[in-house]
Visitor: 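Just passing along the structure, written as C-alpha cells.
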Amino acid sequence: MTGTLNATAAVEIDNVAVRFHSKRTEVTAIEQVSLDVAPGEFVSIVGPSGCGKSTLLKLVSGLLKPSAGSVTLLGEQVRGPRHDIGFVFQRAALLEWRSARKNILLQAEMRGMNSAEAGKRADELIEMTGLSGFENALPHELSGGMQQRVALCRALLHQPRVLLMDEPFGALDALTREQMNVELHRVWRETGTTVLLVTHSIAESVYLANRVIVLTQRPAVVKEVIEVDLPDERDYSATMARPEFATATAHIRDLLGAVTGHD
Amino acid sequence: MKPVSGDRWRGVAERSWRPAALLAACLVIWHLITVTGLVEAYLVPSPGKTFDLLVDKWSYLWGHTWVTTYETILGFVVAGVLGVLMAVAMVYSRTIESTAYPVLLFAQVIPKIAIAPLFVVWLGFGFEPKVVVAVLMAFFPVVISTVTGLKSVDAEMLELAATMGGGPVKTFAKIRFPAALPHLFAGLKVAITLAVTGAVVGEFVGSNEGLGYVILQANGNMDTPMLFAGLIVISVVGILLFLLLELAEQLMLPWHSSRRGAAVTTLLAKGGS
C-alpha cells in the first residue's frame, strides 16, 4: 500500500516548503515535506494545531503554490486549482438557498456534467450517506452531521480519484463524529477513492487510515509515518477494542505530546 | 411550519395594531390641536379638512402622483442597474475600486439639492432632471450594499468553486450573486425611499407637474390643506414602493434567514413565520 513506485502514486509531494510573507516577517509553515500516497489509499495527517496540515491539502488541490518543491497529482504536476479532486472543509460551506440535493448538484452544474447522469449519481450518494428523506431540506434545516454528509456527497459527485478532507468532522459532537467515521469508512471502501484526511482526532486518524502521517510543530516536517496494522473491514467498537488500535493511538499520542511539549 | 390562513391574519393583526394605534394617536393629537384653536387653522388644517380635500381634488392629485411615481421608479431602476454594475466592477477589480471609491464618496457628500438647479439648466423642465437627481440619491446605497454582499461570500466556498472548475461567470451566477442578494435588497430598500426624495427635490427646483410642484404651489398660495394632502400622498407612494420591494424580496429569497425575524413592514406580505 505504500506506493514505492512514484509513477503509480496518486499524490506525490516532493520536498515542498511553504513560506508566507507579511510586511516585515516571513513565516515558514512547512519546512520540507515529502509524501507519496498510493491509489486507493487512505492517509490521515495529524499534527499540532497550526502546523500546516491544511496548507498541505491546499497544495495538493492547487489552491496554493509551494515556495519550493513540487506536488504531482495523478501523474500531472499541480500548477493551479485542480478539478480532478473532491474537497471537504470543516464547515460544510453549503449554499443556503439550495436544498441538500441541489447543493450536491452544484458540482455537476459548475462542471457542465450531463444533468440526468448527475441526478442519478446524486441519488445514489444520498442513499449511500443516509440523506434519503432530506433531499429537499434547506441547509439551515439540517443538523451539522447532515450538512457534512451533503458536503461529502458534493465532493464525491464527479467520482474524483482523490478526496481531500480538512477536519471534516471537527465541528460535530462526539457521537455524530463516530457515526460519520463509520460512514466515511464504508464510503471509502465502496468507492475506492484515494483519501487524504487532516484531523485532530487520533482515534479517527487510526480507525480510518492505512497510514497516519504525524507532522511536527511549525515549520512542519514529517515526524513519523505510522502504518496502521488493522484489517480493511473495520467494525467500530471491535476495532477500538483491538490491541493494535491501542498501540497505534498511544504511539501517536506520545509523538504529538513530544512535539507539543505537553504530557 | 406554515400558518394556516386564520392564524396568518391573526399574525397580521397582532403585529399591526401597535403601529396602527400610534398612527391613530397622532391623528387624534393633530385633530385636538386644530379644534382647540391652539394653532390657527390656516397654519395647520384639521385632519378632516385635509381628508375632504384629498377626496375632492383626487383627480388633480392623481395626475401629479403618477408623474412623481414615474420619475421615482425610473430613477430607482437606473440607479439599481448602474449601482450593481459598478459594484461588480469594484469587487472584481482592485484598480477600479481604489480609483472609483473616493470619487463616489466625494460625489455622495455633495448635497443633491444644491446641484439640482444645475440639472434644470442642462436638461430643462421635463422629467429628465428629476430622474437624474433620483438616480444620484439612490445610486450610492445600492453600490455599497452590493459590494458588501459580493464580498460576504465564504472564502472556502470560492475555493471550492475553483476546484469545481466552473470559471468566473458560473461562480458569479451560481454562488456570488445569489449570496449577495440579501444585502442588495437592503440597499434597494434604502434606495427606493431616497429615489422618492430625489424626484420631489427635482420638482422643487423647477417643474410644472408632480407632487413636489403641488406642494410648492400650495405653499405659495398658503393653501395648507393641499400642502398636507401632498405630503400624505408622497408618504403613501414611498411606503407602497417600499412594501413592493419587501414583497419581491420575500418571493425571491424565501431562504434568507433574516426573514425569520419579523419586521414591522412584513405585515402586508406575509402572516407568520
Side-chain angles (χ1 to χ4, degrees), chain A residues 54-55 57-64 73 78 80-100 102-113 118 136-142 150-152 154-158 160 162-168 171, chain B residues 1-3 84 91-92 94 145-146 148-188 246-262 270 272-273:
Chain A
S54 307
T55 309
L57 291 191
K58 291 210 170 153
L59 289 176
V60 174
S61 62
L63 291 170
L64 193 73
L73 177 68
V78 177
R82 287 289 290 259
H83 310 152
D84 42 2
I85 51 147
F87 214 132
V88 181
F89 292 105
Q90 178 171 357
R91 291 189 306 117
L94 303 177
L95 300 176
E96 48 180 328
W97 57 90
R98 282 174 171 243
S99 67
K102 287 215 144 187
N103 260 292
I104 297 168
L105 286 171
L106 176 72
Q107 184 79 261
E109 291 170 26
M110 293 292 280
R111 286 167 189 277
M113 287 164 68
N136 298 320
L138 290 173
H140 76 262
E141 296 166 332
L142 296 171
V150 175
L152 180 62
R154 182 181 57 194
L156 290 170
L157 188 81
H158 54 301
V162 176
L163 178 63
L164 307 173
M165 307 185 84
D166 188 1
E167 294 183 43
Chain B
M1 300 257 251
K2 289 221 167 82
V84 169
V91 167
Y92 279 89
R94 282 201 87 99
S145 62
T146 312
T148 310
L150 290 172
K151 284 186 173 175
S152 73
V153 184
D154 206 350
E156 285 184 347
M157 197 63 233
L158 293 176
E159 288 186 333
L160 215 53
T163 71
M164 293 177 176
V169 176
K170 271 190 183 173
T171 304
F172 179 80
K174 290 184 186 294
I175 300 171
R176 270 207 125 135
F177 189 70
L181 280 176
H183 288 275
L184 173 56
F185 265 104
L188 289 178
E246 282 259 336
L247 189 67
E249 184 183 21
Q250 276 161 16
L251 290 175
M252 286 176 70
L253 317 176
W255 51 272
H256 181 40
S257 53
S258 81
R259 302 282 95 227
R260 291 197 283 269
K270 125 174 145 177
S273 73

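First the proteins, then the strands, lettered A, B, ... as listed; each starts at 1.
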Visitor: Holding to salt bridge (Lys or Arg N to Asp or Glu O under 4.0 Å), I want the full list of residues that pass it with B:E159, two or more places apart in sequence or in another chain.
Guide: A:K58
Visitor: Using 0.5 Å steps for rounding, measure from the NZ atom of B:K174 to the CZ atom of A:R98.
Guide: 5.5 Å
Visitor: Going by heavy atoms in the side chains, are B:M164 and A:R154 under 4.5 Å from each other?
Guide: yes
Visitor: When rounded to the nearest 0.5 angstrom, what is the spacing between OG1 in B:T163 and CZ in A:R82?
Guide: 12.0 Å
Visitor: Compare all side-chain heavy atoms of A:E109 with those of B:K170 and state whether any distance is below 4.5 angstrom.
Guide: no
Visitor: Check whether B:A161 gets within reach of chain A through its side chain, its backbone, both or neither, counting any heavy atom under 4.5 Å.
Guide: both
Visitor: Any non-hydrogen side-chain atom of B:T171 less than 4.5 Å from a side-chain atom of A:M110?
Guide: yes
Visitor: Quick one: closest heavy-atom pair of A:P81 and B:A162, and the distance?
Guide: CB-O, 3.8 Å
Visitor: Which heavy atom in B:A179 sits nearest to a heavy atom in A:W97, and how many Å separate them?
Guide: N-CH2, 3.4 Å
Visitor: Of all of A:L106, A:D84, A:I85, which one pairs up most often with chain B through heavy atoms under 4.5 Å apart?
Guide: A:L106
Visitor: Return the set of residues passing side-chain contact (heavy atoms from CB on, under 4.5 Å) with A:R91 (not counting sequence neighbours), or none when no residue passes.
Guide: B:D154, B:E156
Visitor: Can you say whether A:R111 sits under 4.5 Å from chain B via the side chain, the backbone, both, or neither, judging by heavy atoms?
Guide: both
Visitor: Could you tell me which of A:L138, A:L94, A:D166, A:L95 has the largest number of non-hydrogen atom pairs under 4.5 Å with chain B?
Guide: A:L95
Visitor: Side chain, backbone, both or neither: which part of B:L181 has a heavy atom under 4.5 Å from chain A?
Guide: neither
